[in-house]
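Down below is the structure, laid out as structure tokens.
Hydrogens, waters and symmetry mates are skipped; everything else that's a heavy atom, side chains included, is used.
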Amino acid sequence: MQLLNFKKTFKPYNMAMISVFIAIFSINIVSIISMAGKKEIAKELDGVGLNGMSVCAYNNYNENITDINLYEVLYKCDKIDLLTPVIYDTMKVQFSTGEELDSMCWGISPMAKDIVNLDRIYGRMLTQTDIDTNAHVCLIDENVALSAYGRSNIIGKTIYVNFSGGIYPFEVVGVVNKTSSVLNSLSGEIIPNFIYIPYSTMSNLTLKNRIDQILINVNDNNVTEDVIKQYISHQVGYNQKTNLKITNLSQQRDIINNIVNIAFFALFAVSCVAVIVCSISVATSVNTAVTSAKHDIGIKISLGARTKDIMLEFLLYSVIACTIGIILGTICGFFVMIITNIILKTSYTYDYALLISGISATIILTIIFSIYPSYQAANLLPVKALSRE
């Protein structure tokens, strides 16, 4: 049986094709955003480790009495894989360019790079020798390098940091990734400029006889805050007036992940609305196509075309329009992903589960919304169809 005039019959499907394109393109974008967001958040959360904790000790006046002795006790604990003392303060930092920045200065140990998500871009990280010799060396955040020199690689440059009224030179030995929100959350301040120096050097220059916090990563999910607290109490013998505050940073993962999932669900819901609107547009397009092809349908039925032949023909046009829209929407989404990766120098990809679910839903709904108008076309009375011409 000869098909209906393709050009005439398919023309009303242009709107359906555009609607499918918009729906699929939006699903592509949401899929990319979803995976990018999850990747960045996971990267940041991984900075505190799966079993990260923060340890502080306070006296009965709620004064921080965390010191190097507590750090050494935790260092000997076989339940702890990684740990670093953390001392922080806001400093004025001067550069040879004449630039002066308010910066958050962090006193850390070499293990910090594996605990707070510090990734080296240029140079080297801090070493144990730097700690032992109270070396005047530093790592700087990429933001600092860009602000002061307009470029990232400033290895070998000297910066000047104001400690307790004195100005001390530090050699830049490494440049690390941009500001860690993990450390920002610990300090309670949001300053985009970070500088990292040996904690021993910072302790000497700031005349601090305490540590602000000790970050640890335990080696077993069963090691809870109470286990660490009991270990410390047994080893140090703090009196009843001493308050040990141990915060399980890993518990924040679930809270943050739940918030993120809700946000991505909201984005996906917007895409679902686009899919539903697209399905309605498909149904409208089929109705329009049936109206414009009634005369041809009447002739075909008069010549003996079966109901299922007419019905399948209109469903075929719907599938063709849907397929073209899906291909074009996916191609455009792919180019957006490539351009984004080039501009941001990242390697984002699709959330394939979300993308496949969205495309599958679009195909299924397109077919479902096309069935009824296709059925109506297949059951037209030849006399009624021909009388419209």
Side-chain angles (χ1 to χ4, degrees), residues 3-44 178 257 259-290 292 312-374:
L3 294 175
L4 298 172
N5 185 300
F6 180 82
K7 185 176 180 180
K8 176 182 176 182
T9 308
F10 191 74
K11 186 176 180 180
Y13 284 89
N14 288 337
M15 184 57 67
M17 192 165 55
I18 293 172
S19 299
V20 172
F21 165 79
I22 293 172
I24 296 300
F25 180 72
S26 67
I27 291 172
N28 272 262
I29 298 303
V30 169
S31 175
I32 296 168
I33 293 173
S34 172
M35 185 55 72
K38 289 177 181 177
K39 182 177 179 179
E40 292 301 320
I41 291 168
K43 179 180 177 182
E44 196 60 61
K178 295 181 180 179
N257 281 329
I259 294 173
V260 170
N261 288 334
I262 291 172
F264 289 141
F265 178 79
L267 285 174
F268 184 63
V270 172
S271 296
C272 289
V273 171
V275 171
I276 293 172
V277 171
C278 132
S279 302
I280 295 172
S281 176
V282 169
T284 303
S285 297
V286 177
N287 273 322
T288 304
V290 169
S292 64
L312 287 174
E313 189 169 341
F314 280 97
L315 286 175
L316 176 63
Y317 289 139
S318 297
V319 171
I320 292 172
C322 179
T323 302
I324 294 173
I326 289 173
I327 292 173
L328 293 177
T330 303
I331 290 173
C332 289
F334 179 77
F335 277 114
V336 168
M337 181 180 70
I338 295 298
I339 292 170
T340 301
N341 285 335
I342 292 173
I343 294 175
L344 301 181
K345 298 180 180 179
T346 56
S347 57
Y348 297 142
T349 184
Y350 289 113
D351 184 338
Y352 287 103
L354 190 154
L355 181 63
I356 292 172
S357 298
I359 292 176
S360 300
T362 302
I363 295 172
I364 292 170
L365 289 176
T366 295
I367 294 173
I368 291 174
F369 276 70
S370 300
I371 290 175
Y372 182 68
S374 299

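Side-chain atoms of Y317 and S370, non-hydrogen and from C-beta on, never get closer than 4.5 Å to each other.
Looking at residues two or more places apart in sequence or on another chain, you find a side-chain contact (heavy atoms from CB on, under 4.5 Å) between V336 and F25, I29, T340. Considering only residues two or more places apart in sequence or on other chains, I338 meets the side-chain contact (heavy atoms from CB on, under 4.5 Å) condition with F334, I342. Under the side chain to side chain donor-acceptor pair (under 3.5 Å) criterion, S31 pairs with no residue at all, not counting sequence neighbours. Residues satisfying the side-chain contact (heavy atoms from CB on, under 4.5 Å) criterion with I368, sequence neighbours excluded, are I364. Scanning for side-chain contact (heavy atoms from CB on, under 4.5 Å) contacts around I326 gives V20, I24, C322, T330, I359, I363, with sequence neighbours left out. Applying the side chain to side chain donor-acceptor pair (under 3.5 Å) test to S279 and every residue at least two apart in sequence or in another chain returns nothing. By the side chain to side chain donor-acceptor pair (under 3.5 Å) test, T346 is found to be paired with N341, residues two or more places apart in sequence or in another chain being considered. A search for side chain to side chain donor-acceptor pair (under 3.5 Å) contacts involving S360 returns nothing, not counting sequence neighbours. By the ring pair (Phe, Tyr, Trp, His ring centres under 6.0 Å) test, Y350 pairs with Y352, sequence neighbours left out.
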V277 and I22: CA distance, side-chain angles, deciding distance, side chain to side chain contact (heavy atoms under 4.5 Å, CB included) verdict
CA-CA 10 Å; V277 171; I22 293 172; over 6 Å; no
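Across all their heavy atoms, F21 and C332 have their closest contact at CE1-SG, 3.6 Å. Shortest non-hydrogen contact noted between V282 and S318 is CG1-OG, 4.3 Å. Across every non-hydrogen atom of T349 and M337, the tightest pair is CA-SD, 3.5 Å. In terms of heavy-atom proximity, M17 sits nearest to I324 at SD-CG2, 3.2 Å.
A distance of 10.5 Å separates CD1 of I276 from OG1 of T362, quoted to the nearest 0.5 Å. Taking OG1 of T323 as the start and CG of L328 as the end, the distance is 10.5 Å to the nearest 0.5 Å. If you take OG on S19 and CD1 on I280, they are separated by 10.0 Å, rounding to the nearest 0.5 Å.
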